[in-house]
Amino acid sequence: MIPFNKPYLTGKEAHYLYQAVYSGKISGNGLFTKKCQEFFESKYGFRKTLMTTSCTDALEMCALLLDIQAGDEVIMPSYTFVSTSNAFVLRGAKIVFADSYADNPNTDPNLIEQLITDKTKVIVVVHYAGVACDMDRIMELADKYGLFVVEDAAQAIDSYYKGKPLGGIGHLGAFSFHETKNIISGEGGLLVVNDERFVERAEIIWEKGTNRAAFFRGDVDKYGWVDMGSSFLPAETVSAFLYAQLENLEDIQRKRKKIWETYYTKLKYLEERGLVRLPKIPNYATNNGHVFYLVCNSLEQRSALIKYLRERNVYAVFHYLSLHLSEYYNEKHDGRSLPNCEYFADNLVRLPLFYELTDDDLEVTINTVSSFFG
Ligand SMILES: *Cc1c(COP(=O)(O)O)cnc(C)c1O
């Protein structure tokens with residue numbers, strides 16, 4: 001079976017884990033946590049980063065930092081993972097879902113303005129498949145109405161909008177290092193604080209509502225409970241694992257993008273014949289090789305393709321179900337249909353893409369997709 005994903009080990013993970021374990025400090029905010037944070041801050045110029053136990057946690061920190069209260073409205077795509085909404089639902093927010101573009105799962109900024117009310121507080125963008133949303137348009141809207149912007153950059157490591165690194169454009173950003181992402185630590189995430197106003201409080205919320213981090217830096221002479229917070233910082237072992245991946249980031253990205261390009265080039269003819277659609281990368285965006293997908297013409301065609309591939313040992317998978325139609329949020333949603341989101345939920349299928357996918361397996365996958373379409 002050619003799997004959909006296989007977590008990649010660069011070779012140094014066990015070495016750094018060993019160092020972390022025998023360093024005598026395995027709880028959080030030690031040497032490897034700092035090394036990872038420094039890496040992100042120096043490579044991407046992020047103002048302040050904090051390692052978290054997941055992207056879900058980083059998003060929950062965003063909701064706390066933005067002081068979301070019951071009844072506040074948060075605009076976000078429906079074509080996303082549940083964590084994007086849960087983070088705000090946990091604080092009592094009302095989720096207002098915005099539709100995708102017709103040719104790209106990202107939120108169409110033209111559809112956002114009409115959803116803004118005097119209760120709107122935040123726009124959350126999701127850079128689906130690591131492809132940037134139109135951030136100039138989103139930031140303009142946020143400025144015009146005094147809103148905050150959170151980037152759910154879970155899939156968007158090392159990807160750019162007009163030369164700016166994703167995760168570094170909104171007021172806050174969140175990355176994931178779950179084993180299905182480009183660089184991994186099993187579970188793990190990163191909060192990015194781009195707005196100076198949130199830097200100090202982010203560290204306090206991260207450390208269970210205490211000023212412990214400032215104390216260990218020697219900035220204050222005792223530490224205590226100064227705000228609300230929770231346990232968001234990961235053990236050193238998580239950051240040690242991630243550090244090995246960061247040292248190989250360029251190699252990982254090069255390989256993933258090469259696989260993506262091969263799929264695109266070899267399957268382009270299917271789009272030209274109107275049989276499927278391929279991903280659209282707008283001029284302002286880069287591709288980080290996170291996901292390669294096809295958009296089928298119907299749910300029936302997609303189900304048949306997935307079945308056909310599985311019978312031939314190729315594991316392809318669909319992606320998000322619309323959150324506005326979910327069992328949990330359906331009743332709370334305002335009833336608007338979101339046709340583009342629903343279209344991607346029904347028709348999008350992802351093909352195997354991981355570092356160790358061999359040329360042979362890539363060719364088998366491409367040939368099997370081709371033979372399905374005849
Ligand atoms: C993977 C993912 C998440 C969740 O990341 P975790 O690190 O597993 O919490 C959130 N949002 C999006 C868009 C994702 O792809």
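Start at 1 and go down the list; that is how both ligands and their atoms are numbered. Keep in mind it's a predicted model, so treat the numbers as computed, not measured.
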Give the residue and atom name of whichever protein heavy atom lies nearest to [atom], and the separation in Å to one decimal.
| atom | result |
| --- | --- |
| atom 14 (C) of ligand 1 | A154 CB, 3.3 Å |
| atom 7 (O) of ligand 1 | S176 OG, 2.7 Å |
| atom 15 (O) of ligand 1 | Q155 NE2, 2.9 Å |
| atom 4 (C) of ligand 1 | F81 CD2, 3.7 Å |
| atom 1 (C) of ligand 1 | K181 NZ, 1.7 Å |
| atom 13 (C) of ligand 1 | D152 OD2, 3.5 Å |

When you measure from the centre of the six-membered ring of [Y], is the NZ or CZ of [X] under 6.0 Å away and within 45° of the axis?
| X | Y | result |
| --- | --- | --- |
| R312 | Y308 | yes |
| K164 | Y161 | no |
| K6 | F354 | no |

Measure T56 to ligand 1 on non-hydrogen atoms and call it side chain, backbone, both or neither using the 4.0 Å cut-off.
-> both
Which one holds for F175 and ligand 1: side chain close, backbone close, both close, or neither close, with close meaning a heavy atom under 4.0 Å?
-> neither
Can a salt bridge be assigned to the pair [X] and [Y] using a cut-off of 4.0 Å between side-chain N and carboxylate O?
| X | Y | value |
| --- | --- | --- |
| K119 | E73 | no |
| E250 | K255 | no |
| K35 | E38 | no |

Counting from 1, what ligand 1 atoms have a heavy atom of G188 closer than 4.0 Å?
-> 7 (O)
